[in-house]
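Working notes, beginning with the structure itself.
The chains referred to below are lettered A, B, ... by the order of the sequence lines, with proteins before strands, and numbering in each begins at 1. Values below: every heavy atom of this structure, side chains too, minus hydrogens, waters and symmetry copies. Computed from a predicted model, the values in this text were never measured in an experiment.
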Amino acid sequence: MLQVQLPDGTIVEHAAHATALDVAEGIGARLAKAVVAAKVGDLTVDAMRPLDDVTSQSPIPLRLLTERDTEALDVLRHSCAHVMARAVMRLFEGVSLAFGPTINNGFYYDFDLKQKLSVDDFEAIEAEMAKIIQEGESFDRFSLGRDEALQLCTDLKQSLKVEHIQTGLAEHEQLGFYRQGEFVDLCRGPHIPDASKIKAFKLLSVAGAYWKGDAKGKQLQRVYGTAWFSPKDQNAYLEQLEQARLRDHRVLGKKHGLYQISQEVGGGLCLWLPKGARVRVLLEDFLRQELLRRGYEPVYSPHIGRVELYETSGHFPYYRDSQFPPLFVEQAGGLVDGWIDRLQSADGLTSEQERQLSEAAKVLGAEIPDYQPESDVESRLAALQAWQRAHERYLVKPMNCPHHAQIFKAQPRSYKQLPLRLMEFGTVYRYEQTGELNGMLRVRGLTQDDAHIFCTQDQVEEEFRNTIELTRFVLESVGLSDYQVQLSLRDPNSDKYVGSEENWAKAESALRKVLEESGLSFHAAEGEAAFYGPKADFMVRDCIGRQWQLGTVQLDYNLPERFQLEYVGSDNAMHRPVMIHRAPFGSMERFVGVLIEHFAGAFPMWLAPEQVRLLPLSEKTNDYALELEKKMTAAGLRVTCDLRGAKVQAKIRDAQLELIPYMAVLGPKEAEAGALALRDRIDGDLGAMPFEAALEKLLDEVRNRTIRQVAKREQTELPETAETGGHEY
RNA sequence: GCCAGCGUAGCUUCAAUCGGCAGAGCACCGCAUUCGUAAUGCGGGGGUUGCGGGUUCGACUCCCGCCGCUGGCUCCA
C-alpha cells in the first residue's frame, strides 16, 4: 500500500504502483479529467507515472497540477515542443533532434537538418501539429539501461542524442524516453497525459543556435513557439508581445528624435540628438548631485591610455578581441603587433616569412636590433616586445579603472583619506561583435557613470552597503522597480580568474552578507563574475523580455595588487586598499534605452525633454504665449510655443503624439485674465487656472520627481510562468 | 563572429500584375485660413529602389558578392 499526503494534510491510501491520476480519480472524476501533471515534493512528475517509481518516501507528499498551476503550463509547453519535433520529422528528411526545453512563455526545439527552415514553413508545421493534437495520442514514458538506450537512439538515427548519452549523461544508469505514436525521444519529462490538452499554440520564430552552446560546434536550427491551455490566454500573450514591440526604444528613439546610430558614424556609436541628450543630462545632473552629497570626488581622465597601462591592469590581454586595436605612433607598430601574433600562433612562421617581415619592418623605418631569426621563439618574442615597449602604443580607453588607480597613486595615501571615492562619467569604447549590437542597449561607445572606491578591508562592507543603497535609490527615483539582483560568482571549474583563492572567498562572502542583510531578493549565478572579482548586478528586462545588466557593484582585490596600490595605516605600515567598482546606471546609453522602453517614450515630468507646450488659439494670442514661455523658462521649465497657423485641435494632437506631459491652451480669455487652460497628457483638459497656480503645480511635479502612469490603460494580466526551464536532459 | 530572414523618399505606414514609364499617406516647405481641447484647405520639393557586378531589348523585380538591419546563438570588463 502507498500512503499519499495531499496538500491539505489528509492521507489517502492506494495500491502499489498507483499514479497521481489514480489519486485524482479517488477524489473525483472531474479532477481526474483536469489533472495535467503532479508534484511529488519539489519534483514535477507525469500524472501517469507510478508514484513509488519516483520516491520511496512515505507518506508521499503529492500535489495535483491542473491548468491553473503555473508548473502545468511548463509541462504543456514541453509536450508541445515534442509535438512540434514530431511534425518537423514528418515533414522533413534527416532530422536530428537536439534539445527542446520550456522557456519563459514558451518553448523551443533545436534541430539539425539539411532543409533551411524559415517562417514560411510554419504554416505547414503548425498544420501538422494541429493534426497530431487532434489525434490526441498519449505520451508514454519508458526507461532503458545505457546499452539499450544507445542502441535505440542509434536505430532512430539520432546521433546528437547518442553523443549526449555518451557525454552529458555519462553518469546516468537509467535513461528516460517518451513515446507518442511513431515519435520517440530521449527525455526527462514530465509530459501531459495526452496531446489534446494543448488548446492553443503558435510558432514564433526560427534562429540559429550552437549545439551545447559551443560556438565552435555544430550550428543547429532553433524553432521557438508558445502554447497555452486556452486560446484566450494565448491571444492575451500575443497582444502583449505586440504592445511590447510598440515600446521598442529603437523605434521610439527614431520617432521622437532621441538618438541615432548611422552607418556613416559607425555601428554601435550613438549620436545623442538634442532631446535624448536632454534626458541624459538630467540623469547625470541628478546622479552627480547625489554623489557629491555622498562624499564622492569628481575626476576626469583621458580617452586613450598607454597599452602598458592596460597590460598592467590585465584588461588588454584578457579582452583583446573585444577592443579596438591599439593606436601605434610608429608606422611599423601594426606590423610588429601582427608579427608577434603569428609567432605565438600554432602555425608559427617560416624563415622566409620572417625574412619578409624583417624587410617590411625596415621599409617602415623599424630596426629591431636584438632579433635573431635562428634563436628560440621566446627570445624572438622578447626582442619584438622590447621594441614595442620602446615605442608608444595607445589604447582607446576600454575601462576607467586603470586611470582611477593612477589617480590614487598620484600621491602618498594615508588611512585617514579612506575611503577615497573617485567619480567620473567616463566614456569607453569596446569592439562588440557585430551580431550583438542592439540600439542603445549594446553599443561600442558608452559612457559609464563610473566610480571607484578605495577603502580598507574594514570599510568594505559599509561601502558596499552604501553603494547598494545608492543603486536602489537611483532606480526607484526613475520608477524602475522591476529589476532583479544577481550575485555573480566565479565558476569553480574555470581558470579564467585572477587573484588569490583567499581574496575571492573574502570578496564573495562579503557581497553575499550585505545582500542578505539588505532585504533585496537576489539569486546567485556561478560563472558570471568578472575575471577580477565577484559582482552584484542589477538586471532589468527590455520590452521583449531580454535581460540586461544595468547597475553593478563589483569587489576587486586584484587591481590594487596589480597596480601596487598602498596606503599608510595607523600602524605606520603600508597596506593594500580594496577597490569597489560601481555604476548605478551602468551606462548612460543602456540606461536611457531601457528608460525609453519603460516609459514607452513618455518620460515623467522631471525627465521630459519638453515639459510644457503652449498652444495659442490663434495668432492673436501668440504674444501672450511668448510672454508665458519666457516666464516659465525663467522658472526652470522646458517650454515651447506652437505658433503655427493651425487649429488648436491639430496642435493638441501633435503635442499628444510627441508625449509632452502638459499643454496650455491660450485664448483671449486667458490672456485677459493672466491665466492658462492646462491640459494633462494623460487626464486631458484640467480647465483654466491662474498662471501662478499652474506654474506651482508644474514645478511641484518636477521637484517631487513624480512618476505617473504611461497611459490610461489596464495591463492585461497573464498567468505567471515559473522561471525554471529545461525539462530535457 | 555564426545561422536565418529582410533592405523602395526623413518614416519599423506602405504600393508597384508575368521582368515593361517608381507611386500614395504622414512629415517637410509655401500660400490661404485666425479657429476653444487628438488631424483646415490648396499647392510644392523630395528617389542612382542599401552598394557593386551579372543575365536581359529592358531589372525595385531574376542571379552572384559585399554592406546594413532584425531575430536567435556565442561573447559581454
Side-chain angles (χ1 to χ4, degrees), chain A residues 108 110 116-121 204-224 245-246 248 250-255 257 260-264 266-267 310 313-316 318-319 321-323 397-402 428 430-439 442 446 448 450 488 528-533 535 537 544 546 548-549 552 554 556 558-559 581 583 587 590 615-622 644-658 663-670 677-681 684-688:
Chain A
Y108 68 77
D110 286 346
K116 305 285 183 203
L117 296 177
S118 85
V119 286
D120 298 335
D121 299 311
L204 297 176
S205 65
V206 54
Y210 297 110
W211 168 237
K212 294 200 171 179
D214 179 5
K216 291 184 208 83
K218 197 187 258 293
Q219 179 108 32
L220 308 169
Q221 300 189 68
R222 174 173 297 179
V223 178
Y224 285 89
R245 275 184 241 283
L246 296 177
D248 193 320
R250 291 164 300 190
V251 177
L252 293 176
K254 198 182 276 186
K255 187 169 166 190
Q260 189 179 63
I261 291 174
S262 77
Q263 222 184 311
E264 286 84 347
Y310 303 101
S313 73
H315 291 110
F316 181 66
Y318 191 81
Y319 291 109
D321 291 345
S322 44
Q323 282 165 5
K397 179 164 76 175
M399 272 308 263
N400 299 306
C401 27
V428 298
R430 297 168 183 182
Y431 192 79
E432 303 287 1
Q433 299 181 42
T434 9
E436 287 304 335
L437 300 179
N438 186 292
R442 193 78 185 264
L446 56 137
Q448 299 176 314
D450 214 354
S488 302
E528 294 297 319
F531 75 92
Y532 53 74
K535 319 183 277 174
D537 293 323
I544 57 174
R546 290 176 289 210
W548 300 89
Q549 176 196 308
T552 179
Q554 313 180 354
D556 187 350
N558 175 55
L559 226 45
H581 310 241
S587 86
R590 180 173 294 175
L615 312 175
L617 207 53
S618 77
E619 278 173 21
K620 290 173 192 161
T621 42
N622 276 4
R644 293 175 302 169
K647 294 211 290 192
V648 74
Q649 285 91 331
K651 294 182 182 181
I652 287 170
R653 180 168 193 273
D654 288 346
Q656 287 282 152
L657 293 175
E658 287 177 54
M663 288 148 267
V665 175
L666 306 170
K669 279 185 284 183
E670 285 77 17
L678 206 56
R679 182 188 161 93
D680 182 307
R681 187 185 67 81
D685 191 3
L686 301 180

Open item on the list: For a quick check of understanding: with a heavy-atom distance under 4.0 Å over all strands, which category does A:Val648 fall into, base, sugar-phosphate or nothing?
Closed with: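 Sugar-phosphate contact only.
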
Open item on the list: Heavy atoms only, 4.0 Å cut-off, all strands: where does A:Gln554 land among base, sugar-phosphate and nothing?
Closed with: sugar-phosphate

Task: Verdict with reasoning, A:Trp548 to A:Asn438, per side-chain contact (heavy atoms from CB on, under 4.5 Å) - done: CA-CA 11 Å; A:Trp548 300 89; A:Asn438 186 292; 4.2 Å; yes

Open item on the list: Between A:Gln448 and A:Asn400, do the side chains contain a donor N or O and an acceptor N or O under 3.5 Å apart?
Closed with: yes

- [ ] Would you kindly say whether A:Tyr532 and A:Gln554 are connected by a side-chain donor-acceptor distance under 3.5 Å?
- [x]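 Yes, A:Gln554 and A:Tyr532 have a side-chain donor paired with an acceptor closer than 3.5 Å.
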
Choose from [options] the nucleotide whose nearest atom is closest to any side-chain atom of [X].
| X | options | answer |
| --- | --- | --- |
| A:Ala207 | B:A77, B:G71, B:A39 | B:G71 |
| A:Arg653 | B:A38, B:C75, B:G72 | B:A38 |
| A:Ala650 | B:A77, B:A39, B:G72 | B:A39 |
| A:Ser322 | B:A77, B:U37, B:C67 | B:A77 |
| A:Ser618 | B:U12, B:G1, B:C35 | B:C35 |
| A:Ile652 | B:A38, B:U40, B:A77 | B:A38 |
| A:Asp685 | B:U12, B:G68, B:U37 | B:U37 |
| A:Arg430 | B:U40, B:C2, B:A77 | B:A77 |
| A:Glu619 | B:U34, B:C3, B:A77 | B:U34 |
| A:Ser118 | B:A77, B:U37, B:G5 | B:G5 |

Task: salt bridge (Lys or Arg N to Asp or Glu O under 4.0 Å) between A:Arg250 and A:Asp248, intermediate numbers included - done: CA-CA 5 Å; A:Arg250 291 164 300 190; A:Asp248 193 320; 2.6 Å; yes

Task: Min side-chain heavy-atom separation A:Phe531-A:His315 under 4.5 Å - done: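 SC-SC contact between A:Phe531 and A:His315 confirmed.
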
Give me the distance, rounded to whole Å, that separates [N] from [M] when you measure between the [atom1] atoms they each carry.
| N | M | atom1 | answer |
| --- | --- | --- | --- |
| B:G19 | B:C57 | C1' | 12 Å |
| B:U49 | B:C26 | P | 25 Å |
| B:C64 | B:U55 | C1' | 11 Å |
| B:U70 | B:G50 | C1' | 15 Å |
| B:A38 | B:C21 | P | 45 Å |
| B:U34 | B:G47 | C1' | 37 Å |
| B:G25 | B:G20 | P | 24 Å |

Taking only side-chain nitrogens and oxygens of [X], does any of them come within less than 4.0 Å of OP1 or OP2 of [N]?
| X | N | result |
| --- | --- | --- |
| A:Lys620 | B:U34 | no |
| A:Lys647 | B:A38 | no |
| A:Lys651 | B:C35 | no |
| A:Arg546 | B:G71 | yes |
| A:Arg442 | B:C76 | no |
| A:Asn438 | B:C69 | no |

Under 3.5 Å for both donor-acceptor distances, Watson-Crick or wobble: does [N] have a partner, and if so which one?
| N | answer |
| --- | --- |
| B:C75 | none |
| B:U49 | none |
| B:A16 | none |
| B:C31 | B:G41 |
| B:C26 | B:G10 |
| B:C21 | none |

Open item on the list: More than 12 heavy atoms of other residues, nucleotides or ligands under 6.0 Å from NZ of A:Lys255: yes or no?
Closed with: no

Open item on the list: Check A:Arg679 with A:Asp685, please: is the shortest side-chain N to carboxylate O separation under 4.0 Å?
Closed with: no

- [ ] Mark this stacking check for A:Tyr319 against B:A77 as yes or no, applying ring centres under 5.5 Å and ring planes under 30°.
- [x]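 Given the distance and angle limits, yes, they stack.
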
Whole-Å distance separating the [atom1] atom of [X] from the [atom2] atom of [N]:
| X | N | atom1 | atom2 | answer |
| --- | --- | --- | --- | --- |
| A:Leu615 | B:U37 | CG | P | 12 Å |
| A:Tyr224 | B:G72 | OH | P | 7 Å |
| A:Leu220 | B:C2 | CG | P | 17 Å |
| A:Lys218 | B:A4 | NZ | P | 14 Å |
| A:Lys255 | B:A27 | NZ | P | 13 Å |
| A:Lys116 | B:C3 | NZ | P | 8 Å |
| A:Asp556 | B:A77 | CG | P | 13 Å |

Should the side chain of [X] and the base of [N] be counted as holding a donor-acceptor pair, with the cut-off at 3.5 Å?
| X | N | value |
| --- | --- | --- |
| A:Glu670 | B:G36 | yes |
| A:Tyr431 | B:G1 | no |
| A:Ser313 | B:A77 | no |

Task: Inter-residue atom distance A:Ser313.OG - A:Asn558.CG, 0.5 Å rounding - done: 9.0 Å

